[in-house]
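Notes follow the structure.
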2 protein chains.
Amino acid sequence: MKHLRTLAYVTEIARAGSIRRAAERLSITPSALTRQIQDLEYELGTPIFERLAQGMRLNAAGELFVRHIRDQMADLDRVRSQIADLSGVRRGHVALACSQAFVTQVVPEEVETYRARFPLVGFTVQVRDHAQAVTALATFEADLALILQPPPSADLHPLYSGHQTLRVLMRSDHALAAEAGPVRLRDCLGHALALPDRSLAIRHHIEQALARRGVALQPTVESGSLEFLRNLTLREGVISLQVPSGIPQDPRLHSRPIDGRDLTPMALVLAQLRGRSLSVAAAKFADQLVARLNREGS
Amino acid sequence: MKHLRTLAYVTEIARAGSIRRAAERLSITPSALTRQIQDLEYELGTPIFERLAQGMRLNAAGELFVRHIRDQMADLDRVRSQIADLSGVRRGHVALACSQAFVTQVVPEEVETYRARFPLVGFTVQVRDHAQAVTALATFEADLALILQPPPSADLHPLYSGHQTLRVLMRSDHALAAEAGPVRLRDCLGHALALPDRSLAIRHHIEQALARRGVALQPTVESGSLEFLRNLTLREGVISLQVPSGIPQDPRLHSRPIDGRDLTPMALVLAQLRGRSLSVAAAKFADQLVARLNREGS
DNA sequence: CCGCCCTGTTGCCTGTCTTGCAACGGGTCA
DNA sequence: TGACCCGTTGCAAGACAGGCAACAGGGCGG
């Protein structure tokens, strides 16, 4: 909106780190930018940027001010969403940061369901690990975060929390697929393993459990992409470990839960930033997602 | 600040009830105003005013939007105050709504003390009854409210709550001044009474207590001004009832507490609007006031 | 019923403020 | 030292807010 133009300039300069880079991204000239900033600093009675040879950096006052701008913009979004809601048509936008495990099934299904009811609501879905997800919430890049093993953070306000038991994933014709029921972890270690790499929470969870038993993990293949690992299990006779929410329904794939004695279930939360009030669209989507997670959890 | 100009226009039109009146108060022409509003409504995608023959009135969307504007302005004040605080010099402004009983001693003393330390902080002190005080908080006219017998309201966030025992106020040569210690209420009713009128919480408190005993109150003089009542007790031989905080130190005046069996102490709270974060200046003043009230209460 | 007064709105013009362009001064780095 | 990046500034062109005057429409008393 018009009256926030200058404020948007500030955040862009803070992000870009220099007036010239920001000017380029904003499609205006550096001179226009520098003047806006000078006027603003005059109004505030104090500089909000440090001028360095390499560019501009927010000073303490600037940090406070940028925080204010973000709050303000988020609040405006909320209000616009509420206003749109008055007219009966639900418009708005939902920004979600989620772990990779959920982009396969849960999130696309729920987005589709939601958009079937409210086609005017847009979505932004970003894949983030648990630490990045918290950052995304804090910088208002995301309204909601759906993450595994959330780091303890005072900024997180959980809307749902539950658990997911890890499952061994294999091709339907794999030896382990012959039996049913839970699998002991030691029975997996004998097979060729295709595991998530250390950028993913699943890997940390497994390693912690094994470390307690003094066992080292030697995966045959490791990857930051769960999708790659699934595709590999379809081609080779390797097995993988994934959370149930991320396992697509595919007759060629088979999965069995890991025995509870070997691996504790992983924590799963849907969270928002503490103290922030969501737009109508985001709040409704969160409700829907929580309902789904409750159904699955039971 | 510049970027809030249009938003200030909106609130002024909402307050004035018509574009022309608002234009006059803002010292611009109605045409400039109407255009600003049209642009804003276009940006929002929906009208925020109802056009009536008598003028403009906010619609539901407008109510939401004005609420947002107020929040935004208050938050900007807070941020500016925090920024000023970084430079070591404490600037800012404190707006206080208080019951009449406190303009005699408590508030002027505390303002003086505060301003001795931070001369760059300005004050707005308004006398408001308990209902008006809550309104003042809700409309951001006041940061803090110091009131007797606060109405139960979800919007109030108490920073201090205590009690004040009503005292009988008389000239030092009055018959009741001869004895010391608490006075029974019935001993007062025999003398000529100069009481606060029904616009003040003290009066309601007394009447409720007497109503329970089936006694009707027949004051000789009543007034909405506690100062007038005090001055009258200095001239005539009448007695009055006031809260201790409002009684000035004056050798010609004497006061004795009402017996606890006859009148329960009156509730006293310092409160802010729930969910609002105060400016540094207001928060520090609140701290100081709470310290004073705690000292007095003990 | 009509004129009067109040309301918001619109076309046109003007002054101010923002923006773009080009040039300048000052740092960093090879 | 020269190349390159940075923010900043003078000047001219454009956008935008504001003022003036006139218009359309509803409420109201004569």
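This one's a predicted model, so the numbers in the text were calculated from it and none came from an experiment. Letters go in sequence order (proteins before strands), and every chain restarts at 1.
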Short side-chain to backbone donor-acceptor contact, A/S223 and A/S225, under 3.5 Å: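 Yes.
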Do any N or O atoms from the side chain of B/D197 and from the backbone of B/G224 form a donor-acceptor pair under 3.5 angstrom?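 Confirmed, B/D197 side chain pairs with B/G224 backbone.
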Option from A/R128, A/R15, A/R70 for which salt bridge (Lys or Arg N to Asp or Glu O under 4.0 Å) with A/E141 holds: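 Answer to the salt bridge (Lys or Arg N to Asp or Glu O under 4.0 Å) test with A/E141 among A/R128, A/R15, A/R70: A/R128.
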Below 4.0 Å: OP1/OP2 of [N] and any side-chain N or O of [X]:
X	N	result
A/R51	D/dT8	yes
B/R21	C/dT7	yes
A/Q36	C/dT19	yes

Describe the nucleic acid contact of [X] in one word from base, sugar-phosphate, nothing, applying a heavy-atom distance below 4.0 Å.
X	answer
B/Y9	sugar-phosphate
A/R35	base
B/R20	base
B/T6	nothing

Between [options], which nucleotide has the shortest distance from any of its atoms to the side chain of [X]?
X	options	result
B/A53	D/dG27, C/dT9, D/dG18	D/dG27
B/S18	D/dG19, C/dG8, C/dG20	C/dG8
A/Q38	D/dT9, C/dT19, C/dG8	D/dT9

Output field: ring centroids B/F123/B/Y114 closer than 6.0 Å: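 Ring centroids of B/F123 and B/Y114 are less than 6.0 Å from each other.
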Integer-rounded Å distance: [N] [atom2] and [X] [atom1]:
X	N	atom1	atom2	answer
B/L33	C/dT9	CG	P	10 Å
A/R57	D/dC6	CZ	P	16 Å
B/I13	C/dT7	CD1	P	13 Å
A/R5	C/dT18	CZ	C1'	7 Å
A/K2	D/dA15	NZ	P	15 Å
A/I28	C/dT19	CD1	P	6 Å
A/I37	D/dT9	CD1	C1'	16 Å
B/M56	C/dC6	CE	C1'	15 Å

Exactly one candidate in B/D143, B/V94, B/D77, B/L273 meets side chain to side chain contact (heavy atoms under 4.5 Å, CB included) with B/L278; the answer is B/D143
Most 5' of A/G17 and B/D39 on DNA chain D, judged by nearest nucleotide: A/G17
Between the base of C/dG20 and the side chain of A/S31, is there any donor-acceptor pair under 3.5 Å?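 Yes, the side chain and the base share a sub-3.5 Å donor-acceptor pair.
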